[in-house]
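Here the structure is laid out as structure tokens; the discussion comes afterwards.
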Amino acid sequence: MLKVTIDDISIEVPPGTTILQAARMIGQNVPPAMCYYSKLEGSGGKCRTCLVKVTKGSEKDPRPMPKLVASCRTGVMDGMEVRNETSPEVIDARKGVTEFLLINHPLDCPVCDQAGECKLQDLSYEHGLAKSRYEFKRREFEKRDIGDKIQLHMNRCILCYRCTQVADQLTPERVHGVLNRGEVSEISTYIEQAVDNDFSGNMIDVCPVGALTDKTFRFKSRVWFTKPMLAHRECTTCSGKVTLWFQGSEVLRVTTRKDKWNEAEAFICNDCRFEKKKTEDWTIDGPAHIDTHSVIAQNHLPFELPVVQKNLPDAL
Amino acid sequence: MGRKILLEHIDKPGIDQIESYIKYGGYRSVSKALKEMTPDEVTEEVKKSGLRGRGGAGFATGLKWSFLDKSTDKPRYLLCNADESEPGTFKDRLLMEKIPHLLIEGMITSSYALGCNTSYIYIRGEYMFILRILQKAIAEAYAKGFLGKNILGSGFNLDLYVHPGAGAYICGEETALIESLEGKRGNPRIKPPFPAVSGLWNCPTIVNNVESIAAVVSIVNEGGDEYAKTGIGKSTGTKLISASGNINKPGVYEIEMGVPVEEFIYSDEYCGGIKNGLELKACVPGGSSVPILPKHHLLYESNGNPRLMSYESLSEGGFATGSMLGSGGFIVYDEKQCIVRNTWNFARFYHHESCGQCSPCREGTGWMERVLHNIEYGHGKMEDIDLLWDIQRKIEGNTICPLGDAAAWPVAAAIRHFRHEFEYHVKYRNRVFDEDHVYQPEMKAQLV
């Protein structure tokens, strides 16, 4: 086991753990991650929001690392000391990255389906500036359908590459990647083909922003007006374990179950996601946990009701 | 006259043909290494020579070779980085175009030292004509038995291939080069793992610049200690400098490390002074990505000693008063050149060449380019100068590969040393240029 200290909190982790994973194990002062996705191989390192400062390399080689490192792709060493939120340098760099991510983002949150569960919103709330310093025209792309159920809106994309990794790793055919270079690079399918496979819908769930949206849900409702319920069904292609988003008794959309880090617990098939939109298709397991920080939780009672008086009869 | 090691025979007729090349002592290092030395002895000589990578970073070549992971039974690869795309640098072109066999000889010797049986030369797409020259030279080397199976009866096999890129600056970054060679999009990889452990097709790989590999030939021929006698301090041997800009004699010069910068610019042996009798204003000493230096910092170190053409001397004083030797793209500016326009031009290049993988570089290079364009064309504001400083600060060091640093440094240095020119552009927006868009220093002189 390797001992790593992040913001003065120590933890022992198995070899091969990254700094970000170690921080998640600790559970506090976790660097934000826009592109890293633990379920996808080779993800991470691109958005640079998870930069941290390594003040002590390891017990053997205590020199600090010269630059800030991407915590999602840097493995821990024994005796490593890391500064995340306690380092002004890290916070400054993170602010810079947030600003870079936002300069070409349309900020059309009022009409974006992702609003309310958007990681970029969270990031800019925590690290963004009140006012943009960018005074130029933002880059624009045409909206495009990739597959009959998924719409790609490149204006909102932050090029985290997660969706291309889903296409690569969940399905046998690679039809989907990045075109062009630099600022004008865009997610696209090979000569505008549709992404046509059983698991393509998962790219909607891995998208941290509203670039990939579910066409069966577009503009139906704001997410904070819907109530998430865990449910399952017998499915021959996937695990069948999903979250249903209800408005009244109507199922508006089906997504994967998300864990604490907003990552899918198990990827689901398109059949479950797009076709099964009736309550009778599903066995309800109970309400889904929504973090109290999330705007979605504002529409719900918190799960753990505060206990006012433990022993009511005694009080009476 | 300095000693010539790489370009010694460049003027000999027919040196691009293998017969003439052998006549002038070519391929001696191959027979010496393969017949008389073990691979480790060759590596040891390179270490002794103190040779530092000529591609820009100046990392010790022998040390890099010693990082090659020899513990696995995977094949090992040597890649030659001939993707010379740094604005202001054109030294490798001359070497490959005129003496292709020098590179091939270096590749054979180096591959032997590293135990590689397949090696690649990754050449930039714009050098398609050099690709043909190299392929012809490789065919000649195969015919003479310097390449292929059982080279010179030593039992060592080597296949050498030339692979053209598609003309992307980013593919000169070693991991992007590897990706491109594998047939993928040329995006830099996230390090670690470094290529010496997991490079081409996840096998241990060494990537070296053309000039570094060519230098191995003379290191093996004369011995590492002998090679290390040329040069100064930790900058051993000779360096090819691509001199360009407002000088009388632009071109590629081979210098011994340690020539004073002043001598290099003004002596008739090298650049021959500033063109049209004008004054020297500034210079980018190592290719577009290194910081620009004004005259007084360029010619003198911070302690008043003359600055020399070497890794240490040029970087003396850090970025506050120093710069870097980089890849040796020596761009000289006379007093009439506009630093703002030049900085914008560089920023435009990095904006175009950013791969778009990580956010600071993808968004920041474009932003800097637009702000600089505004200032250059008279739409700038005073706050823009501080904004530029802030943007470059947030790109530098926060990116996956050094392209972000390379984009940030020229902007930072221009503001650091020539802030008055930026302010002049903002204050007197319509008066900076004459009709031919030439910068007017007299106007500035009236104001300062």
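Proteins get letters first, then strands, A, B, ... in listed order; numbering begins at 1 in each.
Contact detail for G44(A) and I190(B): the closest heavy-atom pair is O-CD1, 3.2 Å. Shortest non-hydrogen contact noted between C47(A) and P360(B) is O-CD, 4.4 Å. Closest of all the heavy-atom pairs between F136(A) and N374(B) is CE2-ND2, 3.4 Å. Scanning both residues, R48(A) and I400(B), for their nearest heavy atoms gives NH1-CG1, 3.4 Å.
Neither the backbone nor the side chain of R189(B) comes within less than 4.5 Å of any heavy atom in chain A. Looking at K381(B), the atoms closer than 4.5 Å to chain A (heavy atoms on both sides) all sit in the side chain, from C-beta outward. Using a 4.5 Å cut-off between heavy atoms, N180(A) contacts chain B through its backbone alone, with no side-chain atom that close. Contacts of E353(B) with chain A are made by both backbone and side-chain atoms, with heavy-atom separations under 4.5 Å.
By the 4.5 Å heavy-atom criterion applied to side chains, E363(B) and R139(A) are counted as neighbours. Contact of the Q357(B) side chain with the L159(A) side chain is not registered, since no non-hydrogen atoms from C-beta on lie closer than 4.5 Å. Between D92(A) and K394(B), the closest side-chain pair of non-hydrogen atoms falls below 4.5 Å. F100(A) is not listed as a side-chain neighbour of N398(B), based on a closest heavy-atom distance of 4.5 Å or more. Looking only at side-chain heavy atoms (C-beta outward), T365(B) and E183(A) stay at 4.5 Å or farther from each other.
Separation of atoms OH (Y161(A)) and CG (N187(B)) is listed at 4.5 Å; rounding is to 0.5 Å. One finds the CG atom of L179(A) at 8.0 Å from the CZ atom of R185(B) (value rounded to the nearest 0.5 Å).
With chain B as the partner, the residue from G75(A), C160(A), G96(A) showing the most heavy-atom pairs under 4.5 Å is G96(A). Between chain B and the options N104(A), T49(A), V69(A), heavy-atom pairs under 4.5 Å are most frequent for N104(A). Comparing V97(A), L68(A), I103(A) by how many heavy-atom pairs each has under 4.5 Å with chain B, the most go to I103(A). Contact count versus chain A (heavy atoms, under 4.5 Å) is highest, among G366(B), C355(B), G397(B), for C355(B). Between chain A and the options C358(B), A168(B), S359(B), heavy-atom pairs under 4.5 Å are most frequent for S359(B).
In this structure, the side chain of R362(B) does not engage the main chain of G182(A) through any donor-acceptor pair within 3.5 Å. Within the 3.5 Å criterion, the main-chain N or O of H352(B) finds a donor-acceptor partner in the side chain of R181(A).
Of the charged side-chain nitrogens involved, none lies within less than 4.0 Å of a carboxylate oxygen, so that R370(B) and E135(A) do not count as a salt-bridged pair.
A 6.0 Å sphere centred on NZ of K74(B) holds more than 12 heavy atoms belonging to other residues, nucleotides or ligands. When the shell of 6.0 Å around CE of M77(A) is examined, it contains 12 or fewer heavy atoms from other residues, nucleotides or ligands. For K70(B), the NZ atom is densely surrounded, since the number of other residues' heavy atoms within 6.0 Å is greater than 12. Atom NZ of K3(A) is surrounded by 12 or fewer heavy atoms from other residues, nucleotides or ligands within 6.0 Å.
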Q: Take K67(A) and D405(B) through the salt bridge (Lys or Arg N to Asp or Glu O under 4.0 Å) test and state the conclusion after the steps.
A: CA-CA 11 Å; K67(A) 290 178 181 179; D405(B) 301 346; 3.3 Å; yes
